[in-house]
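Right, one structure below, let's go through it.
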Amino acid sequence: GSTPNAGDEPPPAPPEAAPARPDAKTAAESPDHAGDAAASTGATTATVLPALTPLTDCRACPELHRPDPESERDLSNVAREVSNVVMEAAQDLGLTLDVSARAGRGEPPTDDELVEAAKSGWVFSPRVSVQRKDVTVRIVAVAPGSSVVLARSAEFSREDIEVKVVLMMRDLYGAARGGRRPPIPTPEANEHAVVHAARSRGRAVLALNAAALGGYVGFSLQRAGGSNDARLTYPLIALGTGIGLGGSMIVADEWDVGLGDAWYLSAGTWWPALGALLVAHGEPDRKRFLYGSGAAGGGLALATVSLTFGGIGEGSAVVAHSGGAFGLLLGGITDLAIQGRTDLTPSSGMGVGAITGVILSGALARFTPSQASSRVLLVDLSAGLGALTGAAVASPLVFGDDVGKTRNRLWLSTIALGTFIGAGVGLFSTQDHTAQKESALPTSVAPFAGVVAVTPRPDGSVVPATGVGVRGVW
């Protein structure tokens, strides 16, 4: 059984029905006036009436067409879903819902009532009918200030309710605007609005270093007390590791710690700690480990202050580690050169060099543009090869029985010089010469000879000044 509002022809009106107002025409009778009426108003509000079902929409239908209680509940659920989709579609069209007039009286409004209600904004009245697995939806709409009643009917499956109802609403909206559908907004291409870098990518590196530092601090505290009891050593190490790991998790959640930031913090922690242990090599263990812990804490604080000025790239973090490593090497070479010997372990020089190197390289990494980590590693490799080459070239100086302080110092100086030469070669060979050539201005310089200036006289004449020089652009 069908109903008047389910897409079929309505039954004859009962005799007591009031005639429709003459100016309440249908869309088929005056299609040209629909767009004009809609365009003449700037109203953007919309009223969506409750979805009507055949049980309330067809009082004159025979009794056998009335649904059973189970079907009536199913129909009510479908009607509620259609009403929600119609309201969402109206909002998608840029309309503001007016919920103050949604209360219905349980029977379909007349055309005159719809036209009267549309004086202040759009009016949508959906009608729903369920036939087995299919749904018939009919939406009646009136544009703001219009006297034309628009209607759109469609039959589809229940799975397509959301898509089909939205299309029906767009059709009605476009018909009221003279057949022009509302434009579909196309978002501007913006990769950064869709792709986001992972937050705290250095979480794992930070956790590893923080846990190791916590364990070392726990071990140092146990050693500082002069105790070697294993029953205290391992619990203190475990406690320190847990505190360091938990602290790193809190830091990673509170701040965005990049991978370069985490490695930069590790450089500021471990190279000063190693340097302090080497400098205090001759001290008792209970003092030496405390010196290492204090240096680690101070370096970590200094690196944290540096990060407050902005994040550090991965290449800059490698620069900080390279500075600590080569500072360790050059500090040891300097210490041996001062003593003029090569048969000792320069603990003090290596420690001072590691601390000085990581501080200077950390400052360099902070205040210079970040480089690619691969380039920094290639420069480190070149510097190391330069040191080995210098040691090989000057090795005859340390052969023989008459090796003295002077020859030892020459050999050590050659190693240091080879390190700097290798680093310079690495920097030059890893430059992007193509980009420099493209960005550089053309160079053109040529010598010339002749008049280079003139000197005016009081009588108006000039005296030429000749000379030679070069001119051009470089």
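Please read these numbers as outputs of a predicted model, since none were measured by experiment.
- Between the OG1 atom of Thr269 and the CG atom of Leu274 there is a distance of 12.5 Å, given to the nearest 0.5 Å.
- Put simply, the side chain of Arg80 reaches to within 4.5 Å of the side chain of Asn84, judged on heavy atoms.
- Of the inter-residue distances, the one linking Leu206 atom CG with Leu213 atom CG reads 10.5 Å to the nearest 0.5 angstrom.
- Residues Leu265 and Asn209 are not in side-chain contact: their nearest non-hydrogen atoms beyond the backbone lie 4.5 Å or more apart.
- For Ser382 (side chain) and Leu378 (main-chain N/O), no donor-acceptor pair under 3.5 Å exists by modelled atom type.
- Atoms CH2 and OG1, from Trp411 and Thr406 in turn, are 15.5 Å apart once rounded to the nearest 0.5 Å.
- Under the 3.5 Å distance criterion, the side-chain polar atoms of Asp261 are left unmatched by any main-chain donor or acceptor of Gly311.
- Heavy-atom minimum distance, Ser429 versus Gly426: OG-O, 3.2 Å.
- More than 12 heavy atoms of other residues, nucleotides or ligands lie within 6.0 Å of CD in Glu283, so this atom counts as buried by the packing criterion.
- For Phe219, the ring pair (Phe, Tyr, Trp, His ring centres under 6.0 Å) criterion is met by Phe289, not counting sequence neighbours.
- Here CZ of Arg288 is found 9.5 Å from CZ of Arg223. Values are rounded to the nearest 0.5 Å.
- For the residue pair Gln222/Thr233, the side-chain donor-acceptor check at 3.5 Å is satisfied.
- More than 12 non-hydrogen atoms from other residues, nucleotides or ligands lie less than 6.0 angstrom from CZ of Phe156.
- Salt-bridge check for Arg203 with Asp253: passed, with a basic side-chain N closer than 4.0 Å to an acidic carboxylate O.
- Note that CG of Asp134 and CZ of Arg158 are 9.0 Å apart. Values are rounded to the nearest 0.5 Å.
- In this structure, Thr45 and Leu95 have side chains that are not in contact, with every pair of non-hydrogen atoms separated by 4.5 Å or more.
- Between the side chains of Gln339 and Asp335, at least one donor-acceptor pair of N or O atoms lies under 3.5 Å.
- With hydrogens and angles ignored, the 3.5 Å screen pairs a side-chain donor or acceptor of Arg409 with a backbone N or O of Ala337.
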Handout entry: Audit row: Val376, Thr430, side chain to side chain contact (heavy atoms under 4.5 Å, CB included) steps and yes/no
Key = CA-CA 9 Å; Val376 179; Thr430 56; over 6 Å; no
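- How far CZ of Phe399 is from CZ of Arg407: 10.0 Å, rounded to the nearest 0.5 Å.
- Proximity of Leu150 to Val140: side-chain heavy atoms (C-beta onward) are nowhere separated by under 4.5 Å.
- At distances below 3.5 Å, at least one donor-acceptor pair connects side-chain atoms of Asn408 with backbone N or O atoms of Gly404.
- For the residue pair Val257 and Ala252, the shortest heavy atom distance occurs at CG2-CA, 4.3 Å.
- Remark: the backbone N or O of Ser316 is not paired with any side-chain donor or acceptor of Arg366 at under 3.5 angstrom.
- Side-chain atoms of Ser153 do not come within 3.5 Å of backbone N or O of Arg138 as any donor-acceptor pair.
- The pair Lys164-Glu155 does not count as a salt bridge, with every side-chain nitrogen at least 4.0 angstrom from each carboxylate oxygen.
- A donor-acceptor pair under 3.5 Å is formed between the side chain of Ser200 and the backbone N or O of Trp255.
- The closest donor-acceptor contact from the side chain of Ser306 to the backbone of Leu302 lies at 3.5 Å or more, if one exists at all.
- Within the 4.5 Å cutoff, the side chain of Ile355 has no heavy atoms near those of the Trp271 side chain.
- A donor-acceptor contact shorter than 3.5 Å is absent between the side chain of Asp98 and the backbone of Thr47.
- A donor-acceptor pair is defined here as one N or O able to donate and one able to accept, closer than 3.5 Å; such a pair exists between the side chain of Ser266 and the backbone of Trp263.
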Handout entry: side chain to side chain contact (heavy atoms under 4.5 Å, CB included) between Val137 and Met168, worked out
Key = CA-CA 9 Å; Val137 177; Met168 293 170 66; 4.1 Å; yes
